[in-house]
Undergrad: 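The structure under discussion is supplied below as C-alpha cells; questions concerning it will follow.
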Amino acid sequence: MKERLEQLKQEALQKVDQATEVQSLKDVRVEYLGKKGPITEVLRGMGKLSKEERPVIGQLANEVREQIADAIESKQTKMEEEALEKQLEEESVDVTLPGRPVQVGGPHLLTSIVEEIEDLFIGMGFEIKEGPEVETDYYNFEALNLPKGHPARDMQDSFYITEELLLRTHTSPVQARTMGHKNGKEPVKMICPGKVYRRDTDDATHSHQFTQIEGLLVDKHVRMSDLKGVLNAFAKQMFGEDRDIRLRPSFFPFTEPSVEMDISCKVCGGKGCSVCKGTGWIEILGAGMVHPNVLEMAGYDPEEYSGFAFGMGPERIAMLKYGVDDIRHFYTNDIRFLKQYHKA
Ligand code: PHE
C-alpha cells in the first residue's frame, strides 16, 4: 500500500508539474483527490489493514493528499501570478514614448495680408466698411458713373443673377453705399476689404474670385497730393522704405483724373529686369479723384466736396511681397504652401 500511495503521489505531482493551464490542475484534483479517486479508495480499504499498519498508512495517505493539494495550490498561485504579470506588462504605458504631434493651424496668407493692410490704414485714421457680395446693378455700375450700355462695363465681365443683380465685380460699390448713408454732408474715410467675382478663365494671374481692398476719402479740399501721400505711406510701410511709387495716367469711369500706381522693382532697384519686364516698375493698384458724377449721385455737392479712391488686390500684393508665382495657390489650399506663411 505504501508503494501504491508513493506511486500515486509521484504521478499526481508530475501531472501538476506538467500542467500549463488552470483547467488541467482542476482535472488533477478531481482525478486524485476526488471522492472516487485512488487515495480515497486507499483510505476506504483501511479496514482490511492490521491495527499497527492502519495509523501508518492513514497518516501517509493524508500526507500524500496534502502534498498533492499543496502542489496544486502553489502551482495555481504561480500560474495566476504569471498571468497577472503578463497582463500588466501588456497593458503598461511607456511614458517615455514621444507624443503624437498636434497639428496647429494658422491664418491663411491672404487673411494675414488683408489684416496687415487693414492695420496700416487704421493707423492713418481709416475705418473699415463692408458691403454685400451679391450686389445690385445700380451700386456695382450705375452709381459709379457706368450707366447701362456704357462700353466700360466690358472691362469687368460679370456673373449676373438676374437683370438687376450680380456678384460684385469690384469693391467700389461700397464707395457709393457708404457715401449714400451720409446725407451729402459728413466726411468719409474708409477702406473695404472683400471678395469680388469676374467671369475670367483661371490661370496663373487670373481667378474668377479674388479679393480687393477699396479705399475712399471724401471731405472738403481733398487734393490729388493727399492721394499720393496716403499711397506713398502705404507702399513704404508695406514693401519697405527704399521703394518709390509713381502714378501713371489711366482710366476708370468713377474717377477723374484716374491713375495707376506702380512701385519700384525690388529685384533690380529700378534698373529693369525680368520681374518688372524691363521697366523698373511694378503695377500695384488703380486710383483717382472721385468723379463729380459719383459724388453727386451719392448726394454730395461736387463744388463743395472732393475725394480720392483706390482699389487694390491683396493677392497681387502678397504675390509681390512673398514671390508667389501663381494666384491659384491662394485657393487650392495645399497645406505645404500655406504652412510656409504661418508665423510662429
Ligand atoms: N474698381 C477698380 C477695379 O476693380 C479699381 C479702382 C478703385 C480704381 C477705386 C479707382 C478707384 O479695377
Side-chain angles (χ1 to χ4, degrees), residues 114 117 121 126 128-133 135-147 150-159 166-180 188-200 205-219 222-224 226-232 234-235 245-263 282-295 297-298 300 302 305-317 319 327:
V114 169
I117 299 172
F121 281 100
F126 287 74
I128 296 180
K129 293 282 180 193
E130 282 184 355
E133 286 172 31
E135 188 52 282
T136 59
D137 183 272
Y138 176 78
Y139 280 117
N140 196 79
F141 290 126
E142 274 184 61
L144 296 168
N145 202 29
L146 276 151
H150 193 291
R153 283 190 179 212
D154 296 346
M155 280 164 76
Q156 303 178 356
D157 267 338
S158 324
F159 288 113
L166 73 159
L167 297 180
R168 67 178 175 194
T169 54
H170 50 179
T171 43
S172 300
V174 185
Q175 287 186 32
R177 284 181 175 274
T178 311
M179 282 188 279
V188 177
K189 199 175 178 186
M190 67 95 183
I191 61 161
C192 165
K195 295 192 190 81
V196 301
Y197 305 84
R198 287 190 198 176
R199 255 179 46 198
D200 257 331
T205 52
H206 294 86
S207 172
H208 62 283
Q209 182 210 300
F210 56 103
T211 53
Q212 277 194 339
I213 296 183
E214 192 79 10
L216 174 71
L217 190 147
V218 176
D219 207 340
V222 178
R223 294 156 304 173
M224 188 118 186
D226 297 315
L227 170 65
K228 193 169 180 186
V230 166
L231 292 182
N232 192 37
F234 159 73
I245 66 160
R246 75 172 183 188
L247 301 181
R248 269 184 298 110
S250 183
F251 171 78
F252 299 103
F254 30 91
T255 46
E256 180 58 37
S258 301
V259 293
E260 253 160 336
M261 182 183 100
D262 299 338
I263 54 161
I282 296 167
E283 187 198 319
I284 288 284
L285 53 79
M289 300 307 288
V290 182
H291 196 289
N293 289 354
V294 174
L295 286 170
M297 276 187 275
Y300 283 88
Y305 282 89
S306 55
F308 67 71
F310 56 85
M312 65 178 97
E315 285 91 344
R316 188 168 166 74
I317 308 259
M319 286 168 87
I327 195 170

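Position 1 is the first residue of the sequence, and the numbers go up from there. Indexing begins at 1, ligand by ligand and atom by atom, following the structure's order. This is a predicted model, so every value here is computed, not measured.
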Undergrad: Counting each atom of ligand 1 from 1 as listed, which ones have a heavy atom of F310 under 4.0 Å away?
TA: 7 (C), 9 (C), 11 (C)

Undergrad: Taking distance alone, with no angle check, do E214 and ligand 1 share an N/O pair under 3.5 Å?
TA: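 No, E214 has no N/O under 3.5 Å of an N/O on ligand 1.
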
Undergrad: Indicate the ring-plane relationship of F234 and F121, choosing parallel, tilted or perpendicular according to the 30° and 60° boundaries.
TA: parallel

Undergrad: Q175 heavy atoms, cut-off 4.0 Å: which ligand 1 atoms fall inside?
TA: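 So the answer, numbered in order with elements, is 9 (C).
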
Undergrad: Please work out which of the three classes, parallel, tilted or perpendicular, describes the rings of F159 and H208, given edges at 30° and 60°.
TA: perpendicular

Undergrad: With no hydrogens and no angle check, is any side-chain donor or acceptor of D262 less than 3.5 Å from a backbone partner on R248?
TA: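 No; judged by distance alone, with no hydrogens or angles, the pair does not exist.
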
Undergrad: Which residue from F254, F251, F210 reaches closest to atom 6 (C) of ligand 1 through any of its heavy atoms?
TA: F254

Undergrad: Mark yes or no: R177 above the aromatic ring of Y139, with NZ or CZ under 6.0 Å from the six-membered ring centre and no more than 45 degrees from the axis.
TA: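 Judged by the rule, R177 and Y139 form a cation-pi pair.
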
Undergrad: Within a distance under 4.0 Å of any heavy atom of Q212, pick out the atoms of ligand 1 and give their elements.
TA: 3 (C), 4 (O)

Undergrad: Find the distance between CD (E214) and CE (M190) and round it off to the nearest 0.5 Å.
TA: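 E214 CD to M190 CE: 6.0 Å, rounded to 0.5 Å.
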
Undergrad: Regarding ligand 1, does T169 bring an N or O atom to under 3.5 Å of one of the ligand's N or O atoms?
TA: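 Looking only at distances, the answer is no, because the N/O contact criterion of under 3.5 Å is not met.
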
Undergrad: In terms of atom number and element, which parts of ligand 1 are under 4.0 angstrom from non-hydrogen atoms of S172?
TA: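 Ligand 1 atoms under the 4.0 Å threshold to S172: 1 (N), 7 (C).
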
Undergrad: Using a strict cut-off of 4.0 Å, indicate which atoms of ligand 1 neighbour a heavy atom of R198.
TA: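 So the answer, numbered in order with elements, is 3 (C), 4 (O), 12 (O).
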
Undergrad: Give a yes or no answer on whether the side chain of R168 reaches the backbone of V196 with a donor-acceptor pair at less than 3.5 Å.
TA: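 No, because the side chain of R168 does not come within donor-acceptor range (under 3.5 Å) of the backbone of V196.
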
